[in-house]
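A short write-up of the structure that comes next.
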Amino acid sequence: LRSDTFTLPTESMYEAVCRAPLGDDIYREDPTVARLERLAARMVGKEAALLVTSGTQANLVALLTHCPRGSEVVVGATSDVLNWEVSGMAALGGLMPRAVPDDDGYPNPDEVRAAIRPADVHVGPTGLICVENTHQRSGGRPIPLSILAALRLVSIERGVPIHMDGARLFNAAVALGRSAADIAASVTSVSFCLSKGLSAPIGSILCGTSEFIERARWTRKMLGGGMRQAGWIAAAGIVALEQNVNRLEDDHANARHLAAGLGRLAGLAVDPAAVVTNIVLVDVRPSGRSPDELVDRLGSRGVRALAAGSSHVRLVTHRGVGRTDVDAAVAAFSRALADR
Ligand SMILES: Cc1ncc(COP(=O)(O)O)c(C=O)c1O
(Lines give C-alpha, C1' and ligand atoms only; values in the text may rest on other atoms or scores of the structure.)
Protein backbone atom coordinates (compact mmCIF):
# COMPACT_ATOMS: atom_id res chain seq x y z
CA LEU A 1 0.00 0.00 0.00
CA ARG A 2 3.01 2.34 -0.21
CA SER A 3 2.41 3.46 -3.79
CA ASP A 4 0.68 2.66 -7.08
CA THR A 5 4.18 2.53 -8.59
CA PHE A 6 4.38 -1.05 -7.29
CA THR A 7 1.92 -2.34 -9.91
CA LEU A 8 3.24 -5.20 -12.03
CA PRO A 9 2.45 -5.62 -15.76
CA THR A 10 -0.72 -7.47 -16.84
CA GLU A 11 -0.67 -10.68 -18.92
CA SER A 12 -1.85 -8.70 -21.97
CA MET A 13 1.14 -6.39 -21.54
CA TYR A 14 3.58 -9.30 -21.62
CA GLU A 15 1.89 -10.59 -24.79
CA ALA A 16 1.86 -7.16 -26.46
CA VAL A 17 5.53 -6.59 -25.63
CA CYS A 18 6.53 -9.91 -27.26
CA ARG A 19 4.89 -9.15 -30.59
CA ALA A 20 5.43 -5.37 -30.85
CA PRO A 21 6.89 -4.18 -34.18
CA LEU A 22 10.08 -2.25 -33.40
CA GLY A 23 12.43 0.28 -35.00
CA ASP A 24 14.87 3.00 -33.98
CA ASP A 25 12.81 5.69 -32.32
CA ILE A 26 15.60 8.30 -32.49
CA TYR A 27 15.11 8.00 -36.27
CA ARG A 28 11.34 8.03 -35.62
CA GLU A 29 11.04 4.56 -37.08
CA ASP A 30 9.49 2.68 -34.16
CA PRO A 31 5.87 2.06 -35.21
CA THR A 32 4.76 1.02 -31.74
CA VAL A 33 6.06 4.21 -30.13
CA ALA A 34 4.36 6.24 -32.87
CA ARG A 35 1.10 4.38 -32.23
CA LEU A 36 1.27 5.02 -28.48
CA GLU A 37 2.05 8.70 -29.01
CA ARG A 38 -0.93 9.12 -31.40
CA LEU A 39 -3.24 7.31 -28.98
CA ALA A 40 -2.04 9.35 -25.99
CA ALA A 41 -2.38 12.68 -27.82
CA ARG A 42 -5.93 11.77 -28.87
CA MET A 43 -6.94 10.71 -25.35
CA VAL A 44 -5.77 13.97 -23.78
CA GLY A 45 -6.97 16.17 -26.65
CA LYS A 46 -3.57 17.59 -27.62
CA GLU A 47 -1.90 17.70 -31.04
CA ALA A 48 1.11 15.54 -30.19
CA ALA A 49 2.70 13.36 -27.53
CA LEU A 50 6.17 12.16 -26.56
CA LEU A 51 7.11 8.97 -24.72
CA VAL A 52 9.60 9.65 -21.93
CA THR A 53 11.21 7.45 -19.32
CA SER A 54 9.46 8.69 -16.17
CA GLY A 55 7.16 11.25 -14.62
CA THR A 56 10.19 13.17 -13.38
CA GLN A 57 11.63 13.29 -16.89
CA ALA A 58 8.27 14.35 -18.36
CA ASN A 59 8.12 17.33 -15.98
CA LEU A 60 11.77 18.24 -16.54
CA VAL A 61 11.43 18.07 -20.34
CA ALA A 62 8.32 20.27 -20.08
CA LEU A 63 10.05 22.81 -17.80
CA LEU A 64 13.18 23.05 -19.93
CA THR A 65 11.19 23.26 -23.17
CA HIS A 66 8.83 25.97 -21.92
CA CYS A 67 11.32 28.14 -20.00
CA PRO A 68 14.57 29.90 -20.88
CA ARG A 69 17.25 29.78 -18.14
CA GLY A 70 16.67 32.35 -15.41
CA SER A 71 12.88 32.12 -15.63
CA GLU A 72 10.68 31.69 -12.59
CA VAL A 73 8.20 28.84 -12.31
CA VAL A 74 5.04 29.31 -10.23
CA VAL A 75 4.56 25.98 -8.53
CA GLY A 76 2.57 24.45 -5.65
CA ALA A 77 4.49 24.47 -2.36
CA THR A 78 3.83 20.77 -1.68
CA SER A 79 4.05 19.59 -5.30
CA ASP A 80 6.15 16.68 -6.51
CA VAL A 81 8.00 18.85 -9.01
CA LEU A 82 9.21 21.19 -6.27
CA ASN A 83 9.88 18.68 -3.51
CA TRP A 84 10.65 15.25 -4.92
CA GLU A 85 12.28 15.72 -8.30
CA VAL A 86 15.85 16.30 -7.10
CA SER A 87 15.73 20.09 -7.75
CA GLY A 88 16.10 19.28 -11.45
CA MET A 89 14.55 22.56 -12.57
CA ALA A 90 17.28 24.51 -10.74
CA ALA A 91 20.18 22.13 -11.32
CA LEU A 92 19.60 21.43 -15.00
CA GLY A 93 17.31 24.22 -16.17
CA GLY A 94 18.60 27.28 -14.29
CA LEU A 95 14.99 27.85 -13.22
CA MET A 96 13.78 29.45 -10.03
CA PRO A 97 10.68 28.05 -8.34
CA ARG A 98 8.22 30.54 -6.86
CA ALA A 99 6.09 28.48 -4.48
CA VAL A 100 2.42 29.20 -3.82
CA PRO A 101 0.25 27.41 -1.21
CA ASP A 102 -1.53 24.32 -2.54
CA ASP A 103 -2.76 22.62 0.64
CA ASP A 104 -6.23 22.10 -0.82
CA GLY A 105 -4.75 20.32 -3.85
CA TYR A 106 -4.32 23.33 -6.10
CA PRO A 107 -3.04 26.89 -5.95
CA ASN A 108 -5.59 29.67 -5.63
CA PRO A 109 -5.80 31.34 -9.09
CA ASP A 110 -5.58 34.82 -7.50
CA GLU A 111 -2.39 33.83 -5.68
CA VAL A 112 -0.99 32.48 -8.95
CA ARG A 113 -1.81 35.79 -10.64
CA ALA A 114 -0.07 37.68 -7.82
CA ALA A 115 3.00 35.40 -8.04
CA ILE A 116 3.56 36.17 -11.73
CA ARG A 117 6.43 38.65 -11.98
CA PRO A 118 5.97 42.05 -13.59
CA ALA A 119 8.05 43.24 -16.54
CA ASP A 120 10.79 44.77 -14.39
CA VAL A 121 14.52 44.74 -14.91
CA HIS A 122 15.05 43.51 -11.33
CA VAL A 123 13.19 40.21 -11.67
CA GLY A 124 13.34 36.97 -13.63
CA PRO A 125 10.37 36.62 -15.95
CA THR A 126 7.74 34.00 -15.11
CA GLY A 127 8.05 31.23 -17.67
CA LEU A 128 5.51 28.69 -16.48
CA ILE A 129 2.72 27.84 -14.04
CA CYS A 130 2.79 24.22 -12.82
CA VAL A 131 -0.15 22.32 -11.32
CA GLU A 132 -0.43 18.71 -10.14
CA ASN A 133 -3.51 16.59 -10.90
CA THR A 134 -4.34 14.53 -8.96
CA HIS A 135 -2.48 16.22 -6.12
CA GLN A 136 -0.53 13.61 -4.23
CA ARG A 137 0.23 15.43 -1.00
CA SER A 138 -3.37 16.44 -0.31
CA GLY A 139 -4.50 12.81 -0.67
CA GLY A 140 -4.93 12.39 -4.42
CA ARG A 141 -7.51 15.11 -4.96
CA PRO A 142 -8.48 16.01 -8.51
CA ILE A 143 -8.41 19.74 -9.33
CA PRO A 144 -11.99 20.99 -9.88
CA LEU A 145 -12.61 21.97 -13.52
CA SER A 146 -13.76 25.42 -12.38
CA ILE A 147 -10.32 26.04 -10.83
CA LEU A 148 -8.59 24.89 -14.01
CA ALA A 149 -10.78 27.27 -16.01
CA ALA A 150 -9.83 30.14 -13.67
CA LEU A 151 -6.12 29.25 -13.97
CA ARG A 152 -6.49 29.23 -17.75
CA LEU A 153 -7.80 32.80 -17.62
CA VAL A 154 -4.74 33.84 -15.59
CA SER A 155 -2.53 32.09 -18.14
CA ILE A 156 -4.15 33.89 -21.07
CA GLU A 157 -4.30 37.24 -19.29
CA ARG A 158 -0.59 37.16 -18.32
CA GLY A 159 0.72 35.20 -21.33
CA VAL A 160 2.26 32.45 -19.17
CA PRO A 161 1.77 28.79 -20.20
CA ILE A 162 0.53 26.12 -17.77
CA HIS A 163 2.02 22.66 -17.42
CA MET A 164 -0.01 19.99 -15.64
CA ASP A 165 1.90 17.22 -13.86
CA GLY A 166 -0.86 14.69 -14.43
CA ALA A 167 1.07 11.69 -13.11
CA ARG A 168 -2.39 10.42 -12.07
CA LEU A 169 -4.41 12.30 -14.71
CA PHE A 170 -6.61 9.28 -15.47
CA ASN A 171 -7.44 8.86 -11.77
CA ALA A 172 -8.68 12.46 -11.90
CA ALA A 173 -10.68 11.74 -15.06
CA VAL A 174 -12.33 8.63 -13.61
CA ALA A 175 -13.12 10.36 -10.30
CA LEU A 176 -14.65 13.41 -11.98
CA GLY A 177 -16.47 11.35 -14.62
CA ARG A 178 -14.86 13.49 -17.36
CA SER A 179 -12.44 12.70 -20.16
CA ALA A 180 -8.74 13.35 -19.73
CA ALA A 181 -9.13 15.75 -22.68
CA ASP A 182 -11.73 17.80 -20.77
CA ILE A 183 -9.32 18.10 -17.87
CA ALA A 184 -6.29 18.92 -20.03
CA ALA A 185 -8.21 21.48 -22.12
CA SER A 186 -7.24 24.30 -19.75
CA VAL A 187 -3.49 23.65 -19.82
CA THR A 188 -0.76 24.17 -22.40
CA SER A 189 1.05 20.90 -21.77
CA VAL A 190 0.24 17.84 -19.70
CA SER A 191 2.19 14.79 -18.61
CA PHE A 192 0.93 11.50 -17.22
CA CYS A 193 2.47 8.25 -16.01
CA LEU A 194 1.86 4.88 -17.61
CA SER A 195 3.67 3.21 -14.74
CA LYS A 196 1.42 4.05 -11.79
CA GLY A 197 -2.22 2.88 -11.52
CA LEU A 198 -2.27 2.11 -15.26
CA SER A 199 0.17 -0.72 -14.45
CA ALA A 200 2.74 -0.43 -17.26
CA PRO A 201 6.24 -1.29 -16.04
CA ILE A 202 7.87 1.92 -17.28
CA GLY A 203 7.17 5.18 -19.09
CA SER A 204 5.36 8.49 -19.04
CA ILE A 205 3.91 10.73 -21.72
CA LEU A 206 4.20 14.46 -22.35
CA CYS A 207 1.55 16.11 -24.57
CA GLY A 208 1.11 19.55 -26.12
CA THR A 209 1.08 21.28 -29.48
CA SER A 210 3.04 19.69 -32.34
CA GLU A 211 5.50 22.57 -32.21
CA PHE A 212 6.05 22.17 -28.45
CA ILE A 213 6.49 18.41 -28.69
CA GLU A 214 8.96 18.83 -31.56
CA ARG A 215 11.13 21.01 -29.31
CA ALA A 216 10.53 18.66 -26.36
CA ARG A 217 11.99 15.84 -28.47
CA TRP A 218 15.29 17.74 -28.53
CA THR A 219 15.19 18.38 -24.80
CA ARG A 220 14.49 14.70 -24.13
CA LYS A 221 17.52 13.68 -26.21
CA MET A 222 19.70 16.20 -24.35
CA LEU A 223 18.59 14.70 -21.02
CA GLY A 224 19.53 11.20 -22.19
CA GLY A 225 15.93 10.16 -22.67
CA GLY A 226 16.11 9.31 -26.38
CA MET A 227 15.49 5.57 -26.62
CA ARG A 228 16.03 3.21 -29.54
CA GLN A 229 13.66 0.18 -29.80
CA ALA A 230 11.34 1.77 -27.25
CA GLY A 231 8.36 -0.02 -28.80
CA TRP A 232 8.82 -2.63 -26.07
CA ILE A 233 7.96 0.03 -23.55
CA ALA A 234 5.27 1.58 -25.73
CA ALA A 235 3.50 -1.77 -26.29
CA ALA A 236 2.76 -2.08 -22.58
CA GLY A 237 1.74 1.58 -22.54
CA ILE A 238 -0.84 1.01 -25.29
CA VAL A 239 -2.39 -1.82 -23.28
CA ALA A 240 -2.37 0.45 -20.21
CA LEU A 241 -4.37 3.11 -22.05
CA GLU A 242 -6.70 0.72 -23.88
CA GLN A 243 -7.48 -1.64 -20.99
CA ASN A 244 -6.60 -0.16 -17.62
CA VAL A 245 -8.19 3.27 -17.41
CA ASN A 246 -11.73 2.31 -16.39
CA ARG A 247 -10.56 -0.17 -13.77
CA LEU A 248 -9.03 2.72 -11.78
CA GLU A 249 -12.53 3.03 -10.32
CA ASP A 250 -11.87 -0.29 -8.48
CA ASP A 251 -8.85 1.33 -6.82
CA HIS A 252 -10.94 4.33 -5.83
CA ALA A 253 -13.67 2.09 -4.39
CA ASN A 254 -11.04 0.13 -2.45
CA ALA A 255 -9.58 3.39 -1.12
CA ARG A 256 -13.04 4.48 0.08
CA HIS A 257 -13.55 1.08 1.73
CA LEU A 258 -10.12 1.35 3.39
CA ALA A 259 -10.86 4.89 4.62
CA ALA A 260 -14.21 3.78 6.04
CA GLY A 261 -12.60 0.81 7.84
CA LEU A 262 -9.76 2.87 9.29
CA GLY A 263 -12.10 5.70 10.24
CA ARG A 264 -13.91 3.28 12.57
CA LEU A 265 -10.73 2.57 14.58
CA ALA A 266 -10.17 4.60 17.75
CA GLY A 267 -6.90 6.53 17.45
CA LEU A 268 -7.14 7.25 13.74
CA ALA A 269 -8.77 10.17 11.96
CA VAL A 270 -9.69 9.83 8.29
CA ASP A 271 -11.76 12.30 6.35
CA PRO A 272 -13.86 10.09 4.04
CA ALA A 273 -14.84 13.12 1.92
CA ALA A 274 -11.17 13.68 1.08
CA VAL A 275 -10.78 10.18 -0.37
CA VAL A 276 -11.78 10.72 -3.97
CA THR A 277 -9.17 8.66 -5.84
CA ASN A 278 -6.65 6.03 -4.71
CA ILE A 279 -4.76 7.75 -1.88
CA VAL A 280 -5.77 7.56 1.79
CA LEU A 281 -4.16 9.89 4.31
CA VAL A 282 -4.60 8.72 7.88
CA ASP A 283 -4.06 11.19 10.69
CA VAL A 284 -2.49 9.11 13.46
CA ARG A 285 -2.08 11.88 16.05
CA PRO A 286 -5.10 10.82 18.17
CA SER A 287 -3.39 7.44 18.71
CA GLY A 288 -0.45 9.11 20.46
CA ARG A 289 1.91 7.18 18.19
CA SER A 290 4.14 8.54 15.47
CA PRO A 291 3.63 7.65 11.80
CA ASP A 292 7.08 5.96 11.74
CA GLU A 293 6.21 3.79 14.76
CA LEU A 294 2.91 2.70 13.22
CA VAL A 295 4.51 2.05 9.84
CA ASP A 296 7.08 -0.23 11.56
CA ARG A 297 4.35 -2.11 13.41
CA LEU A 298 2.31 -2.51 10.25
CA GLY A 299 5.40 -3.71 8.40
CA SER A 300 5.93 -6.50 10.90
CA ARG A 301 2.34 -7.57 10.13
CA GLY A 302 2.91 -7.67 6.40
CA VAL A 303 1.32 -4.30 5.56
CA ARG A 304 3.64 -1.76 4.00
CA ALA A 305 2.62 1.89 4.32
CA LEU A 306 4.48 5.21 4.16
CA ALA A 307 4.87 7.86 6.83
CA ALA A 308 3.75 11.20 5.37
CA GLY A 309 5.31 13.89 7.55
CA SER A 310 4.95 13.88 11.31
CA SER A 311 1.20 13.33 11.51
CA HIS A 312 -0.05 11.04 8.73
CA VAL A 313 0.36 7.59 7.27
CA ARG A 314 -0.21 7.31 3.51
CA LEU A 315 -1.82 4.31 1.85
CA VAL A 316 -2.33 3.94 -1.90
CA THR A 317 -4.59 1.39 -3.56
CA HIS A 318 -3.78 -0.12 -6.96
CA ARG A 319 -4.25 -3.19 -9.17
CA GLY A 320 -2.07 -5.32 -6.89
CA VAL A 321 -4.30 -4.72 -3.86
CA GLY A 322 -7.74 -6.34 -3.68
CA ARG A 323 -10.65 -5.98 -1.28
CA THR A 324 -9.38 -8.78 0.99
CA ASP A 325 -5.97 -7.06 1.19
CA VAL A 326 -7.72 -3.87 2.23
CA ASP A 327 -9.63 -5.70 4.95
CA ALA A 328 -6.37 -7.32 6.11
CA ALA A 329 -4.77 -3.85 6.28
CA VAL A 330 -7.58 -2.55 8.50
CA ALA A 331 -7.17 -5.57 10.81
CA ALA A 332 -3.38 -5.01 10.93
CA PHE A 333 -3.92 -1.34 11.84
CA SER A 334 -6.28 -2.36 14.61
CA ARG A 335 -3.68 -4.71 16.11
CA ALA A 336 -0.83 -2.22 15.62
CA LEU A 337 -2.82 0.38 17.57
CA ALA A 338 -3.64 -2.07 20.37
CA ASP A 339 -0.06 -3.30 20.96
CA ARG A 340 1.74 -1.80 23.91
C1 LIG B 1 2.48 13.70 -8.71
C2 LIG B 1 3.73 13.04 -9.19
N3 LIG B 1 4.43 13.60 -10.18
C4 LIG B 1 5.55 13.04 -10.67
C5 LIG B 1 6.03 11.86 -10.15
C6 LIG B 1 7.32 11.30 -10.69
O7 LIG B 1 7.12 10.13 -11.42
P8 LIG B 1 8.31 9.09 -11.62
O9 LIG B 1 8.44 8.34 -10.34
O10 LIG B 1 7.85 8.24 -12.76
O11 LIG B 1 9.54 9.86 -11.95
C12 LIG B 1 5.35 11.24 -9.10
C13 LIG B 1 5.86 9.96 -8.55
O14 LIG B 1 5.31 9.33 -7.71
C15 LIG B 1 4.16 11.84 -8.61
O16 LIG B 1 3.47 11.30 -7.60
Side-chain angles (χ1 to χ4, degrees), residues 1-9 40 44 50-64 73 75-89 91-93 97 99 102-107 128-143 162-173 175 180 183-184 187 189-207 219-220 223-225 227 230 233-234 236-237 240 248 251 255 276-281 304-309 312 314-320:
L1 287 161
R2 285 168 295 172
S3 174
D4 46 9
T5 55
F6 285 90
T7 47
L8 295 172
V44 305
L50 187 69
L51 173 65
V52 294
T53 57
S54 66
T56 301
Q57 191 177 68
N59 288 332
L60 188 57
V61 168
L63 285 155
L64 268 59
V73 178
V75 61
T78 69
S79 64
D80 202 83
V81 75
L82 181 61
N83 296 282
W84 306 107
E85 297 185 6
V86 209
S87 307
M89 77 164 90
L92 303 174
D102 61 351
D103 297 328
D104 294 332
Y106 50 84
L128 190 65
I129 300 162
C130 260
V131 294
E132 183 176 308
N133 201 10
T134 61
H135 186 259
Q136 193 268 116
R137 195 67 198 195
S138 67
R141 293 193 212 183
I143 305 179
I162 307 182
H163 171 68
M164 180 186 283
D165 170 4
R168 297 181 181 81
L169 173 67
F170 287 95
N171 293 86
I183 294 172
V187 299
S189 61
V190 58
S191 54
F192 66 86
C193 293
L194 298 163
S195 57
K196 296 195 164 69
L198 297 179
S199 303
I202 184 172
S204 289
I205 299 278
L206 175 65
C207 300
T219 315
R220 180 188 67 173
L223 294 174
M227 297 178 283
I233 294 169
L248 293 173
D251 301 342
V276 187
T277 61
N278 65 332
I279 301 179
V280 181
L281 288 180
R304 287 175 164 177
L306 275 187
H312 286 74
R314 185 188 90 162
L315 304 153
V316 185
T317 55
H318 56 78
R319 214 186 92 255

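First listed ligand is number 1; within each ligand, the first listed atom is number 1.
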- Task: Run the numbers for me: atoms of ligand 1, each under 4.0 Å from some heavy atom of E132, listed by number.
- Result: 1 (C)
- Interfacing atoms of ligand 1 (cut-off 4.0 Å, heavy-atom, K196): 5 (C), 6 (C), 7 (O), 8 (P), 9 (O), 10 (O), 12 (C), 13 (C), 14 (O)
- Message: Main chain of R319, side chain of T7: is a donor-acceptor contact present, judged purely on distance under 3.5 Å?
- Response: no
- What is the nearest protein non-hydrogen atom to atom 3 (N) of ligand 1, stated with its residue, atom name and distance? D165 OD2, 2.6 Å
- Message: If the cut-off is 4.0 Å to any non-hydrogen atom of S54, which atoms of ligand 1 fall inside it?
- Response: 10 (O), 11 (O)
- Item | Contact check, R168 vs ligand 1, heavy-atom distance below 4.0 Å | yes
- Note on the structure: dist T219:OG1 -> L60:CG (nearest 0.5 Å) comes out at 9.0 Å
- Looking only at heavy atoms, what is the nearest atom pair of A230 and M227, with distance? CB-CB, 3.8 Å
- Item | Contact atoms of ligand 1, heavy-atom distance to T56 under 4.0 Å | 6 (C), 7 (O), 8 (P), 11 (O)
- Closest heavy-atom pair, I143 versus V131, reported as atoms and distance to 0.1 Å, is CD1-CB, 3.9 Å
- What atoms of ligand 1 come closer than 4.0 angstrom to any heavy atom of G55? 6 (C), 7 (O), 8 (P), 10 (O), 11 (O)
- Item | From the candidates I279, T53, D80, the one that places a heavy atom nearest atom 5 (C) of ligand 1 | D80
- Judged by atom type as modelled, is there a donor-acceptor pair below 3.5 Å linking the side chain of R314 to the main-chain atoms of R2? yes
- What closest approach, in Å, do V52 and I205 show between heavy atoms, and which atom pair accounts for it? CG2-N, 4.3 Å
- Message: How long is the straight-line distance from CD of Q136 back to CG of L281, given to the nearest 0.5 Å?
- Response: 8.0 Å
- Closer than 4.0 angstrom: is that true for some heavy atom of Q57 and an atom of ligand 1? no
